[in-house]
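Beneath this line is the structure, given in structure tokens, with notes to follow.
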Amino acid sequence: MVSTIRPSRGYRVFQGVNGVILTLVVLITLYPFVNIVARSFSGEKEIRAGDVTLWPKGFDLTTYEIVFSDSMFWRNYGNTVFYTVVATAVAMVLTTCYAYVLSKHHLKGRGALVGIAVFTMFFTGGLIPNYVLITSLGLKNSVWAVALPNAISVFNLLVMKAFFESLPSELEEAAQIDGLSTYGTLLRIVLPLSKAVVATMVLFYSVSFWNSWFSAFLYMDRSELMPVTVYLRNLLAGATGGTAAGAGTENLTQVNANIQAVTIVLTSLPILCVYPFVQRYFVSGVMLGAVKG
């Protein structure tokens with residue numbers, strides 16, 4: 001006979017209060033984004049009057065039509081996808097190799113390598129030296145100007161290093177006895193066991209590169225090479241400055257009213273579509289890589 005232990009009254013009260021508090025936190029967090037989406041579909045008069053809350057009022061698609069009808073928008077959107085994929089792949093290769101090396105406590109000079117990485121978290125060469133370096137290397141107007149300067153995030157590096165250190169060393173020793181090389185051990189033993197942290201790092205890097213605009217704005221001179229974030233930034237600047245790309249005079253007021261909401265929706269939507277597929281790895285990847293017993 002299996003006996004069941006009923007939760008105490010105090011525990012049930014705690015669960016109820018906890019549920020209410022978490023629900024309120026979710027609603028408070030969700031409200032700004034829902035309001036932004038509603039504003040992006042609302043009319044100019046309703047937006048300026050402050051009547052838009054959770055539902056569009058004075059439904060208007062003028063700004064979306066202006067953006068979607070511009071061929072440069074789609075070209076820049078394709079650039080963003082390409083830059084994000086390439087830059088994330090480069091960042092993952094470099095970060096994974098560096099973190100795997102740092103996870104080996106017997107490595108000579110390991111402390112110096114960790115120190116070099118941590119040093120870059122607090123000190124950088126500065127904007128002008130970086131620009132001169134990228135220019136002198138011939139990386140301007142190429143994907144490498146976006147991918148290489150930000151290829152390794154030290155935070156991601158340390159999280160991945162801690163995750164690799166948490167793996168049993170006996171697995172790698174057994175792989176070496178079976179004749180696997182260092183790269184073979186990494187590819188066939190370590191990485192298959194590290195799906196959680198790898199998926200988390202891919203999410204971190206892809207979001208960072210997707211939202212990045214300053215590197216492209218700084219290192220690229222031609223508009224057809226810009227990512228969509230720069231396009232939307234220029235559209236926002238043009239609207240607030242009195243002009244909008246492709247907008248006639250009769251549509252300018254509407255564009256000025258909800259251009260910020262439209263740009264936020266267009267840049268956030270792809271990430272929101274991708275996130276559910278990696279969310280199940282997110283918590284375990286960060287916790288396993290950051291918390292040590």
Side-chain angles (χ1 to χ4, degrees), residues 36-37 39-41 44 47 60-91 124-151 153 202 204-274:
I36 287 293
V37 174
R39 288 179 58 190
S40 71
F41 291 103
E44 176 264 337
I47 294 174
D60 196 305
L61 296 175
T62 300
T63 307
Y64 281 106
E65 292 173 355
I66 291 173
V67 173
F68 288 157
S69 62
D70 190 355
S71 60
M72 187 58 68
F73 167 79
W74 296 108
R75 184 163 187 172
N76 291 160
Y77 219 99
N79 291 340
T80 296
V81 175
F82 176 69
Y83 295 160
T84 300
V85 171
V86 173
T88 302
V90 171
T124 62
L127 182 61
I128 295 177
N130 284 336
Y131 181 84
V132 172
L133 176 63
I134 295 299
T135 303
S136 61
L137 292 176
L139 300 180
K140 284 191 64 177
N141 294 317
S142 70
V143 63
W144 308 116
V146 177
L148 294 182
N150 303 305
S153 167
V202 168
F204 283 173
Y205 275 122
S206 60
V207 170
S208 175
F209 287 120
W210 182 273
N211 292 329
S212 176
W213 68 273
F214 188 70
S215 295
F217 181 77
L218 187 64
Y219 300 129
M220 295 184 181
D221 301 328
R222 292 181 289 175
S223 59
E224 66 269 16
L225 297 176
M226 297 293 186
V228 72
T229 48
V230 176
Y231 172 90
L232 295 174
R233 179 260 178 197
N234 293 337
L235 182 64
L236 177 61
T240 55
T243 60
T249 304
E250 65 278 6
N251 295 328
L252 185 57
T253 304
Q254 171 64 28
V255 173
N256 289 341
N258 66 352
I259 183 62
Q260 291 183 339
V262 171
T263 55
I264 292 173
V265 171
L266 292 178
T267 53
S268 303
L269 186 60
I271 298 299
L272 293 177
C273 293
V274 172

Going by heavy atoms in the side chains, are F214 and L127 under 4.5 Å from each other?
yes
Smallest separation among heavy atoms of F209 and V146, with atom names
CE2-O, 3.8 Å
Could you list the residues that satisfy ring pair (Phe, Tyr, Trp, His ring centres under 6.0 Å) with Y64, not counting sequence neighbours?
F41, F68
Identify the two heavy atoms, one from V81 and one from W210, that lie closest to each other, and give their separation to 0.1 Å.
CG2-CZ3, 4.0 Å
Taking side-chain contact (heavy atoms from CB on, under 4.5 Å) as the definition, give me every residue that meets it alongside V230, ordered by chain and number, with sequence neighbours left out.
W213, A216, F217, M226, P227, N234
Separation between CZ of R39 and CG of D60, rounded to the nearest 0.5 Å:
14.0 Å
Answer yes or no: is there a donor N or O on one side and an acceptor on the other, between the side chain of S268 and the main chain of V265, under 3.5 Å?
no
Could you pull out the closest heavy-atom pair between T229 and S212, with the gap in Å?
OG1-O, 3.0 Å
Taking atom CG of L272 as the centre, does the number of heavy atoms from other residues, nucleotides or ligands within less than 6.0 Å exceed 12?
yes
In terms of heavy-atom contacts, N141 and M220 come closest through OD1-CA, 3.2 Å
Do P149 and N130 have side chains that get closer than 4.5 Å, going by heavy atoms?
no
With no hydrogens and no angle check, is any side-chain donor or acceptor of T84 less than 3.5 Å from a backbone partner on T80?
yes
What's the spacing between T62 OG1 and I259 CD1 if we round to 0.5 Å?
11.5 Å
Side chain to side chain, P270 and Y77, heavy atoms closer than 4.5 Å:
yes
Note: T267 and I264 closest approach over all heavy atoms is OG1-O, 3.1 Å
Evaluate S208 against N150 for side chain to side chain contact (heavy atoms under 4.5 Å, CB included), listing each step before the verdict.
CA-CA 9 Å; S208 175; N150 303 305; over 6 Å; no
Any pair with a residue in residues 217-226 that passes side chain to side chain donor-acceptor pair (under 3.5 Å), sequence neighbours left out, goes on the list, sorted by first then second residue, please.
K140-D221
Partners of L148 by side-chain contact (heavy atoms from CB on, under 4.5 Å), sequence neighbours excluded?
V90, L139, W144
Quick one: side chain to side chain donor-acceptor pair (under 3.5 Å) partners of Y205, sequence neighbours excluded?
T95
Listed by chain and number, what are the side-chain contact (heavy atoms from CB on, under 4.5 Å) partners of V202, not counting sequence neighbours?
T88, M92, V198
Could you check if a side-chain atom of V228 sits within less than 4.5 angstrom of a side-chain atom of Y83, using non-hydrogen atoms only?
no
Would you call Y231 and V67 a side-chain contact if the rule is heavy atoms closer than 4.5 Å?
yes
Quick one: pull up CG in N211 and CD1 in I271 and give me the separation to the nearest 0.5 Å.
6.5 Å
Closest contact, heavy atoms only, S40 versus A261:
N-CB, 3.7 Å
